Amino acid sequence: MNIAMFYLLSAIILVFSILTVTSRKILRAAVYLLFVLIGTSGIYFQLNYEFLAAVQLTLYAGGIVVLIIFSILLTHHIDHKFERPALFNLLGGIAVAAVGVGAVLYTVFDHRFVPSAAPAVDVNMTVIGEQLLGMDKNGYVLPFELISILLLAALIGAVVIAKKGKETEEL
């Protein structure tokens with residue numbers, strides 16, 4: 001049952017990822033991205049990474065994608081269609097994707113997956129919170145803040161890109 005669910009979630013992620021990058025309508029691409037993030041959180045749930053799955057659902061699917069959809073709707077670009085990519089850009093993208101797939105396959109088939117003999121560590125929310133906001137040896141406050149700034153920059157960039165077409169239309 002778990003294997004079937006893994007393949008189902010993987011197929012959902014793969015299909016909607018392809019639809020996200022190939023869709024010419026911006027709103028459809030954002031909705032397809034939402035399904036990819038929900039499928040990814042399903043895999044996290046299957047691996048018993050409940051915290052990552054909850055973060056994936058609340059932060060990425062529930063926050064960022066919904067904000068992107070709202071910014072598209074508020075800037076009146078629902079009907080915006082992306083131009084078809086030039087042949088050189090399309091072939092370059094396919095080549096880069098092929099290199100990425102090759103690197104992943106080489107890594108997966110070259111690595112020996114050995115089950116760990118170490119006992120499973122029980123991690124609760126208090127430990128995760130202390131490490132996320134801790135500034136000591138095992139603290140992750142600096143990467144946490146850097147990721148926050150990166151996400152904020154991505155959101156501002158999405159709004160600027162969404163508004164850019166409207167300003168050129170008015171001129």
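Just so you know, these numbers come straight off a predicted model, no measurement behind them.
Here L14 pairs with I18 under the side chain to side chain contact (heavy atoms under 4.5 Å, CB included) rule; sequence neighbours left out. Not counting sequence neighbours, the partners of F113 by the ring pair (Phe, Tyr, Trp, His ring centres under 6.0 Å) test are H111. A search for side chain to side chain contact (heavy atoms under 4.5 Å, CB included) contacts involving L8 returns M5, I12, not counting sequence neighbours. For T107, the side chain to side chain contact (heavy atoms under 4.5 Å, CB included) test picks out no residue, with sequence neighbours left out.
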Mind listing the side-chain donor-acceptor pairs of residues 40-63 below 3.5 Å, one per line with the distance, residues two or more places apart or on another chain?
from : atom 1 : to  : atom 2 : distance (Å)
T40  : OG1    : V36 : O      : 2.8
S41  : OG     : I38 : O      : 2.7
Q46  : NE2    : N2  : O      : 2.6
T58  : OG1    : A54 : O      : 2.8

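Here V141 is tied into one hydrophobic group with M135, each link being a pair of ILVMFWY side chains closer than 4.5 Å. Cluster partners of L142, using a side-chain heavy-atom cutoff of under 4.5 Å among ILVMFWY residues and allowing indirect links, are L146. Applying the 4.5 Å side-chain rule to ILVMFWY residues, one finds L91 in the same cluster as L87. Summarising the hydrophobic clusters (Ile, Leu, Val, Met, Phe, Trp, Tyr; side-chain heavy atoms under 4.5 Å, direct or chained), the residues clustered with V114 are none.
Tracing side-chain contacts under 4.5 Å through hydrophobic residues (I, L, V, M, F, W, Y), one reaches I3 starting from I13; they form part of the same cluster. By the rule that hydrophobic residues join a cluster once side-chain heavy atoms approach within less than 4.5 Å of another member, F109 and V101 end up as members of one cluster. Under the 4.5 Å side-chain heavy-atom criterion for ILVMFWY residues, no single connected hydrophobic cluster contains both L150 and I156. The same ILVMFWY cluster, assembled from side-chain heavy atoms under 4.5 Å apart, contains both V15 and L37.
Atom OG1 of T20 and atom CZ of R28 lie 12.5 Å apart (nearest 0.5 Å). For the atom pair CG (L152) and CD1 (I149), the distance works out to 8.0 Å, reported to the nearest 0.5 Å. To the nearest 0.5 angstrom, Y140 atom OH is 13.0 Å from L133 atom CG.
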